[in-house]
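Scroll down for the structure; my scribbles are underneath it.
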Amino acid sequence: MNYPIIDAHCHIYPDKIADKAVEAIGKFYDLDMYYDGRYSTLVDFGSKIGVKHYVIFSVATTPKQVRSINKYISDTVKSSEGLMTGLGALHPESEDIEGDIADIISLGLKGVKMHPDFQKFNIDDKKCYKIYELCQQNNLPVLLHTGDRRYGYSNPERMKNVLEDFSFLTVIGAHFGGWSCWKNAAETLSRYKNFYVDCSSSFEWLTAEEGRALVRAYGADHVMFATDFPMWNHKTELERFMEMGLTDEENRLILYKNAIKLFGIDESKIM
């Protein structure tokens, strides 16, 4: 591997609640979690596969958690000495969305992360449109969990509605744009140039050929490498990525170039 790597999808938690948070995620998805969700664990195992930078965040399950989560993520980024980029948490039920976004900007966070399944909202619900409007105005990318056969909160048709209504908003669909509905997502969403995807939490269920087809459908310039820490083994995820047999330029775009562009990461920090 001669490529620097940016892991563009990492959940981290304060040490005192990390075990409880990871246990809850494992129960929600009925999965055995690989890691413990701590910052130190992320850096330890990521460095073993050549990760040079991490995009970190956490999800607010209630509006009152938003400000404290964002302070924690910001403090972690500042103490990382250039190793981390942070995204801010938002919750659609917050009574002060404008204030929350202003706080995200003042903290130096570079985008927004929301999880419609955890937070129980439809991504095309009009109550979310204030968030999208403000993020579009402030050039904040929005990373959304997308897809799940059990729920309809973020299915491809709902994502299509968002992309149609906010053509200048950068939207990132986690899990190749639609976990468990990958093909439908690519067929529905790949034509939108403001829509990007990461490949997190997907290789467990996709063949190398299926993964490669998704990359080619979206275009390698619209895909980012990501592990969904703390869910999967870094080494295994990178091996599965490389099994797709992409070109050198496709690898470079997905492993680091696209994340640099989308999140404004200092390239000198990873090369």
Side-chain angles (χ1 to χ4, degrees), residues 3-14 18 21 25 35 37-47 49-60 69-90 101 104-105 107-115 135 138-146 169-177 179 195-202 218 220-232 234 237-238 241 251-271:
Y3 307 109
I5 299 170
I6 295 176
D7 187 345
H9 190 129
C10 306
H11 303 260
I12 65 165
Y13 311 96
I25 295 171
Y35 298 118
R38 290 174 169 82
Y39 170 94
S40 57
T41 304
L42 172 63
V43 174
D44 182 22
F45 284 89
S47 64
I49 66 163
V51 176
K52 301 296 185 182
H53 199 87
Y54 307 83
V55 179
I56 60 170
F57 43 78
S58 191
V59 175
I69 286 174
N70 292 338
K71 179 68 163 55
Y72 165 69
I73 295 296
S74 176
D75 287 347
T76 303
V77 169
K78 290 173 183 175
S79 66
S80 75
E81 299 182 344
L83 190 60
M84 305 278 165
T85 291
L87 305 185
L90 285 177
I101 291 180
I104 283 171
I105 294 169
L107 288 170
L109 302 176
K110 301 302 183 181
V112 166
K113 169 64 194 293
M114 294 191 294
H115 196 305
C135 287
N138 290 283
N139 296 315
L140 292 173
V142 177
L143 171 58
L144 293 166
H145 168 93
T146 48
L169 173 68
T170 297
V171 182
I172 303 158
H175 325 312
F176 269 124
W179 185 85
F195 185 64
Y196 296 78
V197 300
D198 71 40
C199 62
S200 66
S201 285
S202 297
Y218 287 110
D221 59 342
H222 279 65
V223 182
M224 291 183 290
F225 177 78
T227 64
D228 210 356
F229 176 89
M231 296 189 74
W232 307 103
H234 279 83
E237 289 300 283
L238 182 60
F241 173 81
N251 286 336
R252 292 185 184 279
L253 285 167
I254 296 169
L255 288 171
Y256 67 97
K257 286 186 175 181
N258 294 333
I260 287 173
K261 178 182 73 173
L262 285 181
F263 299 116
I265 297 168
D266 184 352
E267 189 170 354
S268 68
K269 298 290 186 181
I270 68 165
M271 301 302 290

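Everything numeric in this text was worked out from a predicted model, so none of it was measured.
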For this session: Check step by step if side-chain contact (heavy atoms from CB on, under 4.5 Å) holds for L143 and D198.
Result: CA-CA 9 Å; L143 171 58; D198 71 40; 4.0 Å; yes

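- Here the straight-line distance linking atom CD1 of I12 with atom CZ of F57 works out to 10.0 Å at 0.5 Å rounding.
- The heavy-atom pair separating C10 from Y54 by the smallest distance is SG-CD2, 4.1 Å.
- A search for side chain to side chain contact (heavy atoms under 4.5 Å, CB included) contacts involving S201 returns H175, D228, M231, W232, not counting sequence neighbours.
- Between P230 and G37 the shortest heavy-atom distance is CB-N, 3.6 Å.
- Listed by chain and residue number, nothing satisfies the ring pair (Phe, Tyr, Trp, His ring centres under 6.0 Å) test with H53 (two or more places apart in sequence, or in another chain).
- For K52, there are no side-chain hydrogen bond (donor to acceptor under 3.5 Å, both in side chains) partners two or more places apart in sequence or in a different chain.
- With respect to L109, the side chain to side chain contact (heavy atoms under 4.5 Å, CB included) criterion is satisfied by exactly one of I101, L140, I104: I104.
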Side-chain donor/acceptor pairs under 3.5 Å, residues 258-265, sequence neighbours excluded:
from	atom 1	to	atom 2	distance (Å)
N258	ND2	A220	O	2.7
N258	ND2	V223	O	2.7
N258	ND2	L253	O	3.0

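- Contact between D266 and S268 at its shortest, heavy atoms only, is OD1-OG, 2.7 Å.
- For the ring pair (Phe, Tyr, Trp, His ring centres under 6.0 Å) test, residues two or more places apart in sequence or in another chain that qualify with F225 are F241.
- With rounding to the nearest 0.5 Å, the separation of CG in L42 from OG in S80 is 10.5 Å.
- Scanning both residues, I73 and S58, for their nearest heavy atoms gives CD1-N, 4.1 Å.
- Once rounded to the nearest 0.5 Å, the distance linking CD of E81 with NZ of K269 reads 8.5 Å.
- If you take CE on M224 and CG on L255, they are separated by 12.0 Å, rounding to the nearest 0.5 Å.
- Shortest non-hydrogen contact noted between A89 and I69 is CB-CG2, 3.9 Å.
- Scored by the side-chain hydrogen bond (donor to acceptor under 3.5 Å, both in side chains) test, N70 finds no partners at all (sequence neighbours excluded).
- Looking at residues two or more places apart in sequence or on another chain, you find no side-chain hydrogen bond (donor to acceptor under 3.5 Å, both in side chains) involving S79.
- Applying the side-chain hydrogen bond (donor to acceptor under 3.5 Å, both in side chains) criterion to Y72, with sequence neighbours excluded, gives no partner residue.
- Rounded to the nearest 0.5 angstrom, Y256 OH and I5 CD1 are separated by 11.0 Å.
- Remark: the backbone N or O of V55 is not paired with any side-chain donor or acceptor of T85 at under 3.5 angstrom.
- In terms of the salt bridge (charged side-chain N to carboxylate O under 4.0 Å, His left out) criterion, residue partners of D75 (sequence neighbours excluded) are, by chain and number, K71.
- Remark: H234 pairs with Y35 by the ring pair (Phe, Tyr, Trp, His ring centres under 6.0 Å) rule, at least two apart or across chains.
- With sequence neighbours excluded, no residue forms a salt bridge (charged side-chain N to carboxylate O under 4.0 Å, His left out) with K110.
- Under the ring pair (Phe, Tyr, Trp, His ring centres under 6.0 Å) criterion, Y196 pairs with H222, not counting sequence neighbours.
- The distance from atom OH of Y39 to atom CG of L83, rounded to the nearest 0.5 Å, is 5.0 Å.
- Ring-plane geometry between H145 and H115 is classed as parallel, the angle between the planes falling under 30 degrees on a 0 to 90 degree scale with a further cut at 60.
- Across all non-hydrogen atoms, the minimal contact from H9 to H11 is NE2-NE2, 3.2 Å.
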